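Below: one structure, written as structure tokens.
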Amino acid sequence: QVQLVESGGGLVQAGGSLRLSCAASGRTLNTYAMGWFRQAPGKDREFVAVLSWRGVNTFYSDPVKGRFTISRDNAGNTVYLQMNSLKPEDAAVYYCAALDRENYSRVKFWGQGTQVTVSS
């Protein structure tokens with residue numbers, strides 16, 4: 001069992017930056033691919049970024065490509081999402097997830113989410 005706890009959300013002006021953290025307890029994250037997802041009010045949860053289990057490959061959704069960066073600390077227990085050049089449309093609850101390392105569509109564990117608000 002893995003517990004994921006996100007932090008780092010908050011209110012930021014458009015054009016600003018935030019770094020989200022996802023801390024794991026119960027088990028190291030090194031055997032999972034790790035993903036960030038987000039859900040805005042009235043919308044479905046959507047994929048944002050994924051980091052392969054070896055920490056080598058990354059993939060991003062088109063809306064965030066070039067602005068967001070997913071990474072993991074050396075111990076493998078914390079995953080980050082660096083968000084730059086934030087836009088009002090980035091506002092959402094952001095969730096981290098531990099994913100099946102062979103099938104990224106299979107979510108093993110979810111965090112509880114952290115709110116990101118972007119003012120225009």
Side-chain angles (χ1 to χ4, degrees):
Q1 191 75 10
V2 174
Q3 292 80 43
L4 302 174
V5 179
E6 300 96 333
S7 61
L11 173 64
V12 64
Q13 287 189 331
S17 299
L18 282 175
R19 188 176 80 157
L20 306 183
S21 299
C22 173
S25 61
R27 188 173 176 178
T28 181
L29 297 177
N30 286 343
T31 59
Y32 300 98
M34 293 301 299
W36 284 96
F37 297 77
R38 66 187 183 186
Q39 187 168 19
K43 295 187 177 182
D44 293 335
R45 190 172 299 188
E46 65 176 6
F47 163 77
V48 173
V50 66
L51 177 67
S52 64
W53 74 278
R54 291 184 185 274
V56 174
N57 296 313
T58 57
F59 303 94
Y60 299 92
S61 65
D62 286 343
V64 308
K65 199 173 296 181
R67 299 187 298 121
F68 290 12
T69 303
I70 186 171
S71 62
R72 190 174 68 196
D73 70 346
N74 289 336
N77 290 330
T78 303
V79 177
Y80 304 99
L81 185 69
Q82 178 67 43
M83 306 187 295
N84 298 329
S85 302
L86 282 160
K87 304 175 181 179
E89 52 263 43
D90 294 318
V93 177
Y94 282 72
Y95 300 88
C96 73
L99 312 175
D100 185 305
R101 68 188 196 187
E102 301 296 337
N103 183 348
Y104 295 165
S105 66
R106 294 181 61 186
V107 177
K108 297 291 191 178
F109 305 101
W110 286 105
Q112 86 290 346
T114 185
Q115 178 73 51
V116 171
T117 304
V118 184
S119 63
S120 56

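What you are looking at is a predicted structure, and each value in this text was computed from that prediction instead of being measured.
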Could you tell me which non-hydrogen atom of [X] sits nearest to which non-hydrogen atom of [Y], and how far apart they are?
X: M34; Y: V79; value: CG-CG2, 3.6 Å
X: S120; Y: P88; value: CB-CG, 3.9 Å
X: G9; Y: T114; value: N-OG1, 3.2 Å

*When rounded to the nearest 0.5 angstrom, what is the spacing between CG in D73 and OH in Y80?*
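It comes to 4.5 Å.
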*Just how far is it from atom CG of L4 to atom CG of N77, taken to the nearest 0.5 Å?*
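So the CG of L4 and the CG of N77 are separated by 10.5 Å.
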*Keeping to residues at least two apart or across chains, list the salt bridge (Lys or Arg N to Asp or Glu O under 4.0 Å) pairs with something in residues 42-60.*
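Passing the test, one end in residues 42-60: R38-E46.
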*Got a sec, which pairs hit salt bridge (Lys or Arg N to Asp or Glu O under 4.0 Å) with one end in residues 4-26, sequence neighbours left out?*
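Every candidate salt bridge (Lys or Arg N to Asp or Glu O under 4.0 Å) pair involving residues 4-26 fails, so no pair, neighbours aside, qualifies.
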*Residues clustered with W53, ILVMFWY side-chain links under 4.5 angstrom*: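 Noted: W53 shares its cluster with no other residue.
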Taking a hydrophobic cluster as the set of Ile, Leu, Val, Met, Phe, Trp and Tyr residues connected by side-chain heavy atoms closer than 4.5 Å, whether directly or through intermediates, do [X] and [Y] fall within one such cluster?
X: I70; Y: V116; value: yes
X: V48; Y: F109; value: yes
X: Y60; Y: W36; value: yes
X: L51; Y: V2; value: yes
X: V107; Y: V50; value: yes

*Look at the aromatic rings of Y94 and F68 and report parallel, tilted or perpendicular, splitting at 30° and 60°.*
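It falls in the tilted class, 30° to 60°.
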*Indicate the ring-plane relationship of F37 and F47, choosing parallel, tilted or perpendicular according to the 30° and 60° boundaries.*
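Judged by the thresholds at 30° and 60°, the geometry between F37 and F47 is perpendicular.
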_Using the side chain to side chain contact (heavy atoms under 4.5 Å, CB included) criterion, which residues pair with S85? Sequence neighbours excluded._
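S85 satisfies side chain to side chain contact (heavy atoms under 4.5 Å, CB included) with R67 only.
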*Residue list, side chain to side chain contact (heavy atoms under 4.5 Å, CB included) with D62, at least two apart or on another chain*: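 Per chain and number, D62 pairs via side chain to side chain contact (heavy atoms under 4.5 Å, CB included) with K65.
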List the atom pairs, with distances to 0.1 Å, where a side-chain N or O of residues 95-103 and a protein N or O form a donor-acceptor pair under 3.5 Å, not counting sequence neighbours.
| residue | atom | partner | partner atom | Å |
| --- | --- | --- | --- | --- |
| D100 | OD1 | E102 | N | 2.7 |
| D100 | OD1 | N103 | N | 3.2 |
| N103 | OD1 | S105 | N | 3.1 |
| N103 | OD1 | S105 | OG | 2.5 |

*For L11 and S119, run side chain to side chain contact (heavy atoms under 4.5 Å, CB included): C-alpha distance rounded to whole Å, both residues' side-chain angles, the deciding distance at 0.1 Å, then the answer.*
CA-CA 7 Å; L11 173 64; S119 63; 4.3 Å; yes
*Counting distance only, does the side-chain N/O of N57 pair as donor-acceptor with the main-chain N or O of S52 below 3.5 Å?*
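Side chain of N57 to backbone of S52: no pair is present.
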